[in-house]
Number of protein chains: 2
Amino acid sequence: MVHYRAEVWSKASPQSDGIKPDGIEVEAELELPGTAECAGKAVDDAACAYARVSRARGRPRAYDPGEVLDKALKVFWQKGFAATSLDDLVEATGVNRPSLYAGFGDKESLYLKAMQRYRARTDSQLDAVLTCSGQNDTVRSIIRRYFDIMIDTYTGEAEHPLGCAFMCTALNEAPQHESILEMLQNTIDQFDIRFETFFAQARDMGFIRADQDPKALSQMIIGLTANLGVRARAGASRETLQDMVRGTTALLFGA
Amino acid sequence: MVHYRAEVWSKASPQSDGIKPDGIEVEAELELPGTAECAGKAVDDAACAYARVSRARGRPRAYDPGEVLDKALKVFWQKGFAATSLDDLVEATGVNRPSLYAGFGDKESLYLKAMQRYRARTDSQLDAVLTCSGQNDTVRSIIRRYFDIMIDTYTGEAEHPLGCAFMCTALNEAPQHESILEMLQNTIDQFDIRFETFFAQARDMGFIRADQDPKALSQMIIGLTANLGVRARAGASRETLQDMVRGTTALLFGA
DNA sequence: ATAATTTTGTACTAAATCGCACAAAATTAG
DNA sequence: CTAATTTTGTGCGATTTAGTACAAAATTAT
């Protein structure tokens, strides 16, 4: 897959000829897979009028950044941040050391990027499931589908289940790495917002009892999620986790 | 504090003169703080008739093993297992490297011992609180006292709260260290037993509704505990955590 | 006192680790 | 075709790390 690069610069200098005036800083660079046309369209869609899309000059990258992040994530998820060496990452990604640095920064930066990808993936999965569209779905069935996704994530792929990547690796590093702490806080905040919104909606639509506080429900679901994420890493089987979900959601939302 | 050592051996060779017959293996060694008499009494209390209690020969230890484990725990709790170096431990404990090895084994073994101490401390705190003695206490008040203890543990001592030591450090290492995984599983199992027993009792005594499954309730409480342990490490204040407990316990057990 | 025993503390070794220097390779621009 | 640019890949250097060897120190046993 060939990649194209879009340089985006300030709208204060309106030129659409694709030539950046001197003295104007490039504000962002985007990696765009596919053909030049498709890359250009992506830039249009993003309403970046003052951008230049072109095949990057110089020797082309031999790796796909997304794939590399996925491979790096696997290693971090398994071994944790501190115990993962750059040699591990070089071996797992197939990208040599200076290229990793050039492409992703140091180990901490690479870890953050890999975790962002993990989060983005989960987020988009949850976006698809966690909306109270009304009608056929009950809150209980929606929440159970949510837990199905999380159980999949926590037990999937590897021979041994790896649990929740955030709890299992980021928690460990939080006191020593400010940036990781921030990412962790941010992730928790997003989770809170997601569920509080969901349950507030559900209550407004009459799907849960009025005495069930959305914030408290939210904390219960997030707590159960944490519980699943921990137990998966401790070796609990998918079935065990599913049983947990059955019992607890019955308690909260009725059998 | 001077320490005494009790050698205990097989009851198959009944001699109470304190002299171990040749060919009989020493079965256990106990460290006993205090005077020789007090050490002897401890052995009596433990019904170890065939034991010899004496001041250990050779140069006496310059450190108290329990204090050293506490100091080591602090470091592991803060930095995690992998990122804690032996130099860190030497500095924190004041015990030099070969003495650490002689006294506690390698880093993994020291970590396990420190965590066992953490667990033992929590266990004894919970033993004192988590019994359904009936009468004045409601399940809700007992559970809230339980959460008070956990919040204390998760936010106490250090300037920045360190969260749950098991979730924050052992989870990270579980896939790479069989012994840590086992300890983690064991800890989870004990928690399950503790709460399932408690809620089963509570239900038998009519303190909770018959439709509230003890296993499900247990999972909810453990999940909330996990939630607290995570958020503490992410920087949540004691008050925030207490609010969480108020809301969720009200949801489960009534306001 | 002297021997036996155990812990302490210094100093060391071998291996691992992070991050980078530098030349070669691959591509675009002119 | 030549210059400019960017990535690749080998290899290295400085530092950190886990674990240990060994002599000195402190104590008990005889």
Side-chain angles (χ1 to χ4, degrees), chain A residues 1-7 18-20 26 29 31 36 39 52-65 67-68 72 75-76 79-111 173 176-177, chain B residues 1-7 18-20 26 29 31 36 39 52-65 67-68 72 75-76 79-111 173 176-177:
Chain A
M1 173 84 71
V2 181
H3 283 253
Y4 285 79
R5 181 170 305 157
E7 294 185 336
I19 297 170
K20 180 173 69 68
V26 169
E29 281 190 28
E31 277 286 320
R52 177 180 123 158
V53 177
S54 64
R55 185 81 156 68
R57 208 151 89 149
R59 181 168 175 171
R61 267 199 204 112
Y63 59 83
D64 175 74
E67 280 175 27
V68 166
V75 185
F76 282 129
K79 308 181 79 161
F81 172 76
T84 298
S85 71
L86 278 175
D87 285 338
D88 291 332
L89 293 166
V90 167
E91 196 193 341
T93 61
V95 176
N96 60 38
R97 204 182 277 260
S99 295
L100 278 182
Y101 272 89
F104 305 96
D106 65 6
K107 193 170 88 158
E108 186 170 328
S109 170
L110 175 53
Y111 173 77
E173 311 301 330
Q176 303 289 312
H177 301 270
Chain B
M1 172 82 71
V2 181
H3 282 254
Y4 287 80
R5 181 169 304 158
E7 294 185 334
I19 298 171
K20 180 173 69 66
V26 168
E29 280 189 31
E31 277 285 320
R52 179 179 120 157
V53 176
S54 65
R55 185 86 155 67
R57 208 150 90 149
R59 180 168 174 170
R61 266 199 202 110
Y63 60 84
D64 176 75
E67 281 176 25
V68 166
V75 186
F76 282 129
K79 310 181 77 162
F81 172 77
T84 298
S85 71
L86 278 175
D87 284 338
D88 291 332
L89 294 165
V90 166
E91 195 193 343
T93 61
V95 176
N96 60 38
R97 203 182 278 259
S99 294
L100 278 182
Y101 273 88
F104 305 95
D106 64 6
K107 194 170 88 155
E108 185 171 328
S109 170
L110 175 55
Y111 172 77
E173 311 301 331
Q176 303 289 311
H177 300 270

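A note on names: the letters A, B, ... follow the listed sequences, proteins ahead of strands, and every chain is numbered from 1. Computed from a predicted structure; not experimentally measured.
Per the geometry, CG belonging to D64(B) stands 15 Å off P belonging to dT7(C), to the nearest Å. The CG atom of D88(B) sits 14 Å away from the P atom of dG19(D) (whole-angstrom rounding). Atoms OH (Y63(A)) and P (dT6(D)) sit 14 Å apart, rounded to a whole Å. When rounded to the nearest whole Å, the span between CG of L86(B) and P of dT17(D) equals 9 Å.
Checking R59(B) against A83(B), the closest nucleotide of DNA chain D that is more toward the 5' end is the one next to A83(B).
Under a cut-off of 6.0 angstrom, the local environment of CD in Q176(B) is crowded, with over 12 non-hydrogen atoms contributed by other residues, nucleotides or ligands. For E108(B), the CD atom sits in a packed shell: over 12 heavy atoms of surrounding residues, nucleotides or ligands are nearer than 6.0 Å.
Distance check, rounded to the nearest 0.5 Å: CG of L86(A) to OG1 of T93(A) gives 9.5 Å.
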Subject >> Stepwise ring pair (Phe, Tyr, Trp, His ring centres under 6.0 Å) check, H177(A) with Y111(A) >> reply: CA-CA 11 Å; H177(A) 301 270; Y111(A) 173 77; 8.4 Å; no
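Residues from residues 94-107 of chain A placing a heavy atom under 4.0 Å of any atom in DNA chain C, listed by number, are R97(A), P98(A), Y101(A), D106(A), K107(A).
In terms of heavy-atom proximity, F76(B) sits nearest to L89(B) at CZ-CD1, 3.8 Å.
When each of dT17(C), dA26(C), dT17(D) is scored by its nearest atom to the side-chain atoms of D87(B), the top-ranked nucleotide is dT17(D).
Panel note: side chain K107(A), backbone T84(A); a donor-acceptor pair is recorded below 3.5 Å.
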